[in-house]
Structures are given as structure tokens and as C-alpha cells.
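Take a look at the structure below.
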Protein chains: 2
Amino acid sequence: MLSKKTKYGLKALTYIARSEADNPVQVSEIAKSEQIPQKFLESILLTLRKSGILSSKKGKHGGYYLRSEPSEIKMTDVMRVLEGPIAMVPCVSLNFYEKCDDCPDEDKCSVNKLMIQVRDNTLKVFRNTTLADLSEV
Amino acid sequence: MLSKKTKYGLKALTYIARSEADNPVQVSEIAKSEQIPQKFLESILLTLRKSGILSSKKGKHGGYYLRSEPSEIKMTDVMRVLEGPIAMVPCVSLNFYEKCDDCPDEDKCSVNKLMIQVRDNTLKVFRNTTLADLSEV
DNA sequence: TGTAATCCCTACTAAATTGATAGGATTAAT
DNA sequence: ATTAATCCTATCAATTTAGTAGGGATTACA
């Protein structure tokens, strides 16, 4: 299941992408419009900023804005920041690989085989989708 | 991330499918061979039996065996029993659909759009994979 | 220069889920 | 009977998730 964090994060990014204005978008505005607890959203946007997807401006009339064009923001990056590894098991993760304690031979592991396929198909979607796609009405 | 329950369950099913003998396979044997806590495995196999994927024989020389041929056991069914819904959000789940509280219009929801694609690609894998595929060396 | 608005940061907490464990009841083979 | 297996219920500890609290730092603007 997708975490609320990821769900809220995606919604917030979409909201920012859709907002035409040059001004940064405020947390309070997004929280209200998307029905997200404001303090929780704050921490999510902070993560997105630290990971380089968002930038921010402090102080009055401050807020968040996209660091790049929506069409340049890939779901692979967004999902890895918000949800963590895309693979369902560490032993098939490209970016967060870890060997299983129990599994003596990955090549013979049925779980490994299956999850590689799932990973590849999910990756295909995320690599082919940008924030611009999400923001289309 | 895949739960241990699912991982153990898949490994156990594979083990049973690979065991050529006519005799049912005992929990203790699987637990030892696959390094799974026995009591935990018991509860997992019980779930698989209740869902109709496994059958069992009680008492001495009892154990578990597949209810159908490995090639007839689809990953869609196994995963739904072990891991729950295949979709990452209830609002795109085929078998466990639920509307989101917050989302006024699913057609306009960016999360919904994205997760439908992920679901479809994951389903494609699970529909095309049976226990026989997992059991091949 | 003061004040309000905004992001930034750390720490904490409640609820849910996960990954087991415990202890016995039931069933069947010998 | 004895032994070996599944079956069943309850409980528990650890982890993760979702959210809250409280204030600090920065900026715009009157």
C-alpha cells in the first residue's frame, strides 16, 4: 500500500505543477485545497526540497516551487524520495540492494525471480511518467 | 515492501511444488529447509489452506499439499491471499475497491491515474506467472 | 524598525501493522 | 496408548506510519 506521505506528496507536487503563477505556492494553500494536515505536509515538502525536487523561498510571500520543469521530473525520482525503494524486496533493488540473510542463492530463489519482473514493469511506468503527465487534466 | 509473510508463503509454496513425492510435506521440514520460524509458517500455511490454495492432512505423517497443479496456481490468487490487494491504493483496486475520503473526483486525481498504470503492469506479471514458473530451477 | 507571514527543525506521541511466540486442542498412524 | 502432525486462539514486542507540538529563522512590507 502507498503511504499517506507518498500520496500527499504526489498530490502536492501536482498542485504546484498546475499552479500557473510565478509565485511560490504556500503550504497552507496546498493543505487546505488538498485536505492534508498542514504540519504533516510541511515535513513532506521539506523532504522533497532536501532531495532537490522542490525549491523554497522563506518569509512572507514565500513558499515552494518546482526546481525543474514538470516534464523533467520523473516519477522514478519522486517515488524513491517519498516511498523509498521501488523494488518489493531489497535483493532486487537497483538503488538499495541488499542480500537476503536466508537466501543462499538468488538465482534459484523463486521470490527473487518474480519480484524482478514486478520491479521491471513498475520501473517502466515510473520512467515513462513525469509530473507533467500527472498534472494534465 | 513485501511482507515476510508473503515471502515465506511463496517460498513454502515453491518448496511444496518442487517436492516430487506423493506424501504431504510437513511444516517442520519446510521451516528447517527455508529457515522460517516454524510457528509463523504454520499460521501462513493455515491461511493458504483456508483460502483453498493448499490442502492438508492431519495427524502422523500429515502435512500440506497443493490443491491443484502448480501450473494452475496463479500468482494473482496467491498474492491476494498473502499480501492483500495488488493495487497500491484502494481506489484503483479491482477486488478491494474503496473510494478515497479526500478525493472528490477520481478522474482528475493524479495519484489515481498513476496507480492504475502500476496496477495494470503488476497484474500482467501476476496473471502470467504460476507456481510452476516459480518452481523451475 | 516592528510585525506578520512563511519556511525550517527537532522532538515527541498515538495508532496500526508486522513478525512473531505460547500453549494447548484435535486428529490420525502405529 | 503413544507419538506426531495440523489446528486454533490469544498474546506480545518491535517497527512503521501518521500526525502533533513548539518554537527558530528568515523575509516582505508598513
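The sequence lines fix the lettering, A, B, ..., with proteins before strands; numbering per chain opens at 1.
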When rounded to whole Å, the NZ to C1' distance for the pair A:Lys7 and D:dG19 reads 15 Å
Here the residues of residues 93-102 of chain B within 4.0 Å heavy-atom distance, strictly under, of DNA chain D are none
Tightest non-hydrogen contact, residues A:Ser110 and B:Leu10, listed as OG-O, 4.2 Å
From CD of B:Glu83 across to C1' of C:dT17 the rounded distance in Å is 12 Å
### Task
I would like to know whether B:Arg127 and B:Thr76 meet side chain to side chain donor-acceptor pair (under 3.5 Å); could you show each step before the answer?
CA-CA 6 Å; B:Arg127 282 189 176 139; B:Thr76 36; 5.8 Å; no
Whole-Å distance, B:Ile44 CD1 to C:dT21 P, equals 12 Å
Can you tell if the side chain of B:Leu131 reaches within under 4.5 Å of the side chain of B:Val78, non-hydrogen atoms only?
no
Taken to the nearest whole Å, NZ/B:Lys4 to C1'/D:dT15 is 12 Å
Please answer whether the main-chain N or O of A:Tyr15 pairs with a side-chain N or O of A:Ser19 as donor and acceptor at a distance below 3.5 Å.
no
Readout for nucleotides 2-14 of chain C: B = base within 4.0 Å of protein heavy atom, S = sugar-phosphate only, - = neither; 5' to 3' it is ---BBSBB-----
- Query: Hey, is the main chain of B:Ser135 close enough, under 3.5 Å, to the side chain of B:Arg18 for a donor-acceptor pair?
  - Reply: yes
When A:Lys124, A:Met75, A:Met79 are each screened for side chain to side chain contact (heavy atoms under 4.5 Å, CB included) with A:Thr129, the one that passes is A:Met75
Using a 3.5 Å cut-off and no angle test, enumerate the donor-acceptor pairs between side-chain atoms of residues 90-101 of chain A and protein atoms at least two apart in sequence or in another chain.
{"from": "A:Ser93", "atom 1": "OG", "to": "A:Phe96", "atom 2": "N", "distance (Å)": "2.9"}
{"from": "A:Tyr97", "atom 1": "OH", "to": "A:Glu106", "atom 2": "OE2", "distance (Å)": "2.5"}
{"from": "A:Lys99", "atom 1": "NZ", "to": "A:Cys103", "atom 2": "O", "distance (Å)": "2.9"}

B:Lys32 NZ to D:dA5 P, in whole Å, measures 12 Å
Rounded to whole Å, the CD-P distance (B:Glu29 to D:dT6) equals 10 Å
**Item:** N/O donor-acceptor pair under 3.5 Å between B:Lys113 side chain and A:Asp133 backbone
**Value:** yes
Exercise. If only atom types and distance count, is the side chain of A:Gln26 paired as donor or acceptor with the main-chain N or O of A:His61 below 3.5 Å?
Worked result: no
B:Phe40 CZ to D:dA14 P, in whole Å, measures 16 Å
Rounded to whole Å, CD1 of B:Ile36 lies from C1' of C:dT21 at a distance of 16 Å
Next on the checklist: I want to check one thing: is the phosphate of D:dA18, taken as OP1 and OP2, less than 4.0 Å away from some side-chain N or O of A:Tyr8?
Outcome noted: no
